[in-house]
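Hydrogens, waters and symmetry mates play no part in the numbers below; they use all other heavy atoms, side chains included.
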Amino acid sequence: MSSGNSSYGDIHRYEPARESTAAAIAIVLLTVIEVVFVALFTYGLMSAWASTEAGTLFVGALLALIFIDLAFILLLYRKEFLPDVMIVKKRRRKWEDLYVREEDKDGKSIDTGGLADTLKRAVYPYYKK
């Protein structure tokens, strides 16, 4: 929980990244494997492997492996090389940013002169004149 004297945008918690050497080596090896998979996929498309049923499965499996390998690279990078930072933010209701403008947060009175326009604005808040 943030303290009472925190202002919005202040850093509440900062934990530096571990930056382990093992993770860096693993990222480099996974990147080399990624390049091999991309080269095989490109070669498979150029040589029309996908024209047969087995070739289609193989090219699809290569594409799946490319994205799975990329997911592991990004996971390792995020876990080991990005710091954990918590910033103090203003709490808002879920619907507040979508439907209420800052100047209209206290509401508006409905007058009979522009009733149709007011109702359009109530149904669709971003209605332009």
Side-chain angles (χ1 to χ4, degrees):
M1 194 74 159
S2 63
S3 60
N5 58 1
S6 297
S7 62
Y8 303 123
D10 288 348
I11 293 177
H12 182 65
R13 184 185 71 219
Y14 181 87
E15 294 177 15
R18 291 184 244 176
E19 298 181 0
S20 67
T21 307
I25 293 170
I27 288 174
V28 168
L29 289 176
L30 285 172
T31 304
V32 169
I33 293 171
E34 180 84 14
V35 170
V36 169
F37 285 154
V38 169
L40 272 174
F41 180 77
T42 306
Y43 180 74
L45 287 180
M46 297 295 241
S47 61
W49 287 352
S51 61
T52 64
E53 186 175 334
T56 303
L57 290 174
F58 185 68
V59 170
L62 277 175
L63 190 61
L65 286 172
I66 287 170
F67 284 112
I68 290 170
D69 193 28
L70 183 63
F72 278 111
I73 291 170
L74 293 175
L75 178 103
L76 273 174
Y77 178 75
R78 185 196 62 81
K79 180 108 172 127
E80 297 291 330
F81 294 101
L82 291 179
D84 185 21
V85 179
M86 180 185 288
I87 299 173
V88 179
K89 290 187 171 183
K90 181 179 178 182
R91 256 190 99 130
R92 296 179 184 261
R93 293 183 292 266
K94 290 181 183 178
W95 55 269
E96 187 174 353
D97 288 335
L98 296 175
Y99 300 108
V100 179
R101 294 185 202 97
E102 190 67 31
E103 64 269 6
D104 296 338
K105 66 182 177 185
D106 296 325
K108 289 184 176 179
S109 63
I110 297 180
D111 57 346
T112 56
L115 185 60
D117 190 45
T118 306
L119 289 176
K120 284 180 187 175
R121 210 174 277 286
V123 172
Y124 185 64
Y126 297 113
Y127 174 76
K128 295 183 179 170
K129 293 181 180 180

**Study point:** Linked, directly or transitively: Tyr77 and Ile68 (ILVMFWY side chains, under 4.5 Å)
**Key:** yes
Give every donor-acceptor pair under 3.5 Å between a side-chain atom in residues 16-45 and any protein atom, sequence neighbours left out.
{"residue": "Ser20", "atom": "OG", "partner": "Ala23", "partner atom": "N", "Å": "3.3"}
{"residue": "Ser20", "atom": "OG", "partner": "Glu80", "partner atom": "OE1", "Å": "3.3"}
{"residue": "Thr31", "atom": "OG1", "partner": "Ile27", "partner atom": "O", "Å": "2.6"}
{"residue": "Glu34", "atom": "OE1", "partner": "Leu70", "partner atom": "N", "Å": "3.3"}
{"residue": "Thr42", "atom": "OG1", "partner": "Val38", "partner atom": "O", "Å": "2.8"}

Enumerate, atom names and distances included, each donor-acceptor pair closer than 3.5 Å involving a side-chain atom of residues 58-67, sequence neighbours excluded.
none

Check your understanding: Hey, is CZ on Phe81 packed in by over 12 heavy atoms from elsewhere, all under 6.0 Å?
Key -> yes
Review point. Partners of Glu15 by salt bridge (charged side-chain N to carboxylate O under 4.0 Å, His left out), sequence neighbours excluded?
Key: Arg13
Review point. With sequence neighbours excluded, what pairs up with Ser47 under the side chain to side chain donor-acceptor pair (under 3.5 Å) test?
Key: Trp49
Practice item. Output every pair passing salt bridge (charged side-chain N to carboxylate O under 4.0 Å, His left out) with a member in residues 67-79, not counting sequence neighbours, ordered by first then second residue. Key: none
